[in-house]
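Worksheet: one structure, shown below.
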Amino acid sequence: MFRQAPTETVVGPEYGGYATHSERREGRKYISGQSFRSDVSNRSMSDNRDTDDTPDSEREVTEPTPDEESGSDVVVPDEEDRATADDGFADEGDDAPEPGDQPDLGSEVELEGEATFDEAEEAGVLGGLEVESTEDIEVPDRLVDQVIGQDHARDVIKKAAKQRRHVMMIGSPGTGKSMLAKAMSQLLPKEELQDVLVYHNPDDGNEPKVRTVPAGKGEQIVDAHKEEARKRNQMRTFLMWIIIAIVIGYALIIVQQILLGILAAGVIYLAFRYGSRGNDAMIPNLLINTANQQTAPFKDATGAHAGALLGDVRHDPFQSGGMETPSHDRVESGNIHEANKGVLFIDEINTLDVRSQQKLMTAIQEGEFSITGQSERSSGAMVQTEPVPCDFTMVAAGNLDAMENMHPALRSRIKGYGYEVYMDDTIEDTPEMRRKLARFIAQEVEKDGRLPHFTRDAIEEVILEARRRAGRKGHLTLKLRELGGLVRVAGDIARAEDQEMTTRDDVLQAKSRSRSIEQQLADDYIERRKDYELTVNQGDVIGRVNGLAVMGEDSGIVLPVMAEVAPSQGPGQVIATGQLKEMAEEAVQNVSAIIKKFSDEDISEKDIHIQFVQAGEGGVDGDSASITVATAVISALEDIPIEQHLAMTGSLSVRGDVLPVGGVTHKIEAAAKSGLDTVIIPKANEQDVMIEEEYEDQIEIIPVSHISEVLDVALAGEPEKDSLVDRLKSITGKALEQREVGGGSPSPQ
């Protein structure tokens with residue numbers, strides 16, 4: 001699948017040898033994805049699985065003693081070591097060992113020292129885990145122990161929970177921010193929770209009084225007031241009917257005017273009913289009730305409007321005539337008050353308006369916040385309670401752009417009295433992490449409650465997909481919400497067919513059915529181009545190159561680039577069309593430096609037109625098309641055709657170095673779907689290639705390090721190409737030699 005760029009055209013340092021095609025198939029270690037997949041499908045990995053028929057209970061297990069120096073990298077920690085494997089800041093509710101500290105998930109071995117990718121391969125797909133299905137995997141009870149990866153963030157959450165510090169977590173969606181926030185509420189010290197009551201203020205009805213009592217007492221107080229009010233109402237009702245009876249009797253017997261008696265009775269009835277409204281005003285409003293709260297409160301205030309976040313006072317349309325509702329009965333608590341002594345979680349913190357952020361900052365600083373009507377035109381705006389307790393621990397979260405629109409003073413409060421954490425997207429592929437990912441699948445099955453358990457083969461396929469989605473050699477993705485979606489779709493497929501277990505075939509079907517919108521659009525885009533014969537994958541064309549791009553994060557497309565050189569009416573310039581965004585425009589400008597350096601043509605009086613064909617409404621962003629643009633322009637200037645059976649992607653420095661880009665796996669698969677058979681990628685991205693098994697034999701991948709290698713592979717016409725390459729040797733030779741002597745290399749982007 002991989003082919004080395006022609007070495008006879010490379011000037012300067014050695015770029016490293018490559019195994020032959022058959023050797024790669026044999027060794028399976030040149031590409032991080034293929035060896036893994038092959039071993040999964042063939043069930044031939046050395047995953048510590050026994051091959052004899054001896055029952056597990058009859059096998060003899062020998063544990064090495066500390067004095068033995070066997071040279072093995074595998075040790076079995078004794079119970080004392082496990083007991084002392086603490087993180088140094090766990091409280092007494094944190095005595096349970098961490099998932100990584102115990103031989104959980106059925107594993108009976110621990111790797112000594114830092115586990116490497118090779119050790120993970122030797123341990124097997126499941127990292128030495130001996131289970132037949134997820135039914136055999138034990139799921140931890142504590143939420144913090146269910147967090148996969150994010151060890152640094154988990155440590156910070158534990159410290160923050162113990163010391164009651166605020167935390168801000170920044171990272172990609174689906175990396176566990178909300179789960180860590182919920183886990184923090186379980187780890188908070190068990191303080192005495194409080195009920196909050198709001199009383200009528202007889203001196204000023206628009207300033208209700210606030211009283212805090214121990215948890216559970218609020219209901220008792222309200223019930224006592226209601227019972228007292230009920231008794232008073234009974235006495236008033238009894239007295240009312242006696243008076244009404246006397247009046248009607250007097251009217252019938254003495255005055256003998258029944259109509260007058262009925263009228264007088266009605267007046268008495270209304271007078272009593274109107275007077276009884278004062279009794280209801282004496283019943284307090286139970287604003288916060290924590291009677292049934294077993295742990296510290298957790299409130300998710302993501303996207304909450306001002307009233308829901310800070311509390312509100314309902315509007316009263318009847319404000320006079322004895323029909324109005326007492327102001328203290330119209331008071332509504334906010335999330336900040338309901339999170340008192342607990343955790344207030346706000347995701348996408350930057351979406352809160354500035355005024356809400358300012359008031360939130362005040363609540364954090366003071367630990368209490370008065371409730372008033374949030375609408376200026378509402379009658380509730382006239383009401384303002386006494387300060388209501390809101391001593392919460394705040395966990396703010398968001399993507400990288402969250403810090404841009406976040407109020408600087410609010411961020412300063414969090415940073416000054418807490419921690420800031422960046423959430424990782426990927427984590428190193430180790431046996432421990434593979435076991436934890438297997439446990440993650442078991443967790444998702446248990447949480448859903450309706451999915452069939454996953455077989456061993458199905459678990460292995462999900463872990464394979466976790467490696468593929470990481471996009472980096474020796475890493476696993478931590479975007480577990482998306483991976484959990486794959487688990488649920490696979491389980492739904494198995495459940496629809498009334499299967500007892502979810503199999504590998506179900507996971508493979510789920511990968512096809514759970515494609516993102518971008519993937520579906522990209523596939524449709526490729527099919528439409530085939531229908532209209534817009535994809536050119538044969539022959540040689542001057543100034544046309546099949547570029548590669550990505551839509552979203554996980555879908556590739558073929559994006560042709562065309563170049564044409566024309567006489568200029570003034571100073572020559574580079575003109576690019578295709579709705580290029582800022583980074584793409586800068587990449588095109590940088591390419592002009594390469595063109596001036598590598599071409600004999602005088603371009604000072606020529607216009608170079610560059611077209612990104614059918615770029616779409618979204619335009620083009622990023623610089624991964626740099627080598628595509630450079631190749632197309634040099635082809636047009638030198639009048640040398642380009643082979644159309646290949647595609648390419650890569651960034652380009654002004655000195656001609658090919659720099660790494662993102663999404664190479666998805667780009668290669670898009671080229672294969674479009675009928676192309678060769679792809680040029682940056683050599684630095686070679687280790688990131690993990691294409692699906694069905695595309696392995698369809699595509700040849702050529703890693704390159706310099707633009708000269710790109711041109712040597714892409715250009716057609718031997719005499720003209722050789723002449724150009726020879727000229728490039730003389731131009732770039734000294735620069736390459738200097739780079740070899742200095743040991744420098746282009747920095748990855």
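Note that the numbering runs from 1 along the sequence shown for the chain.
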- Task: May I have the step-by-step check of side-chain contact (heavy atoms from CB on, under 4.5 Å) for F440 and V462, ending in yes or no?
- Result: CA-CA 10 Å; F440 166 76; V462 174; 5.9 Å; no
Taking every non-hydrogen atom, the tightest pair across [X] and [Y]:
| X | Y | value |
| --- | --- | --- |
| G149 | M433 | N-CE, 4.0 Å |
| A490 | T502 | O-CG2, 3.6 Å |
| I699 | T678 | CD1-N, 3.8 Å |
| A636 | A563 | CB-O, 3.8 Å |
| T426 | R472 | OG1-NH1, 3.4 Å |
| P173 | N399 | CD-OD1, 3.4 Å |

Less than 4.5 Å apart, any side-chain heavy atom of [X] and any of [Y]?
| X | Y | value |
| --- | --- | --- |
| I542 | P641 | yes |
| K667 | V679 | no |
| H666 | R468 | yes |
| V664 | I701 | no |
| R434 | L126 | no |
| V489 | L486 | no |
| L711 | T631 | yes |
| E444 | I441 | no |

- Task: I would like to know whether H706 and D657 meet side-chain contact (heavy atoms from CB on, under 4.5 Å); could you show each step before the answer?
- Result: CA-CA 5 Å; H706 197 268; D657 299 311; 3.8 Å; yes
Under 3.5 Å, is there a donor-acceptor pair between the side chain of [X] and the main chain of [Y]?
| X | Y | value |
| --- | --- | --- |
| R515 | S512 | yes |
| E638 | I634 | no |
| T665 | D688 | yes |
| D429 | K473 | no |
| Q150 | I148 | no |
| N546 | Q644 | yes |
| S674 | L676 | no |

- Message: Heavy-atom count check: over 12 atoms from other residues, nucleotides or ligands less than 6.0 Å from E348 CD?
- Response: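 Enclosed.
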- Message: Within the supplied structure, the quantity of interest is the number of heavy atoms (other residues, nucleotides, ligands) at a distance under 6.0 Å from Q520 CD; does it exceed 12?
- Response: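 Yes, because the 6.0 Å sphere around CD of Q520 holds more than 12 heavy atoms from other groups.
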- Query: Between Y695 and I668, is a side-chain contact (heavy atoms from CB on, under 4.5 Å) present by the stated rule, with each step listed?
  - Reply: CA-CA 9 Å; Y695 303 118; I668 294 171; over 6 Å; no
- Among I493, D492, L508, the one residue meeting side chain to side chain contact (heavy atoms under 4.5 Å, CB included) with R513: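 Single side chain to side chain contact (heavy atoms under 4.5 Å, CB included) partner of R513 among I493, D492, L508: I493.
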To the nearest 0.5 Å, what is the distance between [atom1] ([X]) and [atom2] ([Y])?
| X | Y | atom1 | atom2 | answer |
| --- | --- | --- | --- | --- |
| L659 | S651 | CG | OG | 4.5 Å |
| S178 | R481 | OG | CZ | 5.5 Å |
| H609 | D607 | NE2 | CG | 4.5 Å |
| T649 | L559 | OG1 | CG | 10.5 Å |
| I427 | D151 | CD1 | CG | 5.5 Å |
| D677 | L646 | CG | CG | 8.0 Å |

- Message: Using side-chain contact (heavy atoms from CB on, under 4.5 Å), reason through D424 and H475 one step at a time and then give a plain yes or no.
- Response: CA-CA 11 Å; D424 296 322; H475 282 74; over 6 Å; no
- Do D347 and K177 meet the salt-bridge criterion of a basic N to acidic O distance under 4.0 Å?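 Looking at D347 together with K177, the answer is no, because their closest N to O distance does not fall below 4.0 Å.
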- Query: Ion pair present between E692 and K511, side-chain N to carboxylate O less than 4.0 angstrom?
  - Reply: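 Yes, E692 and K511 are salt-bridged.
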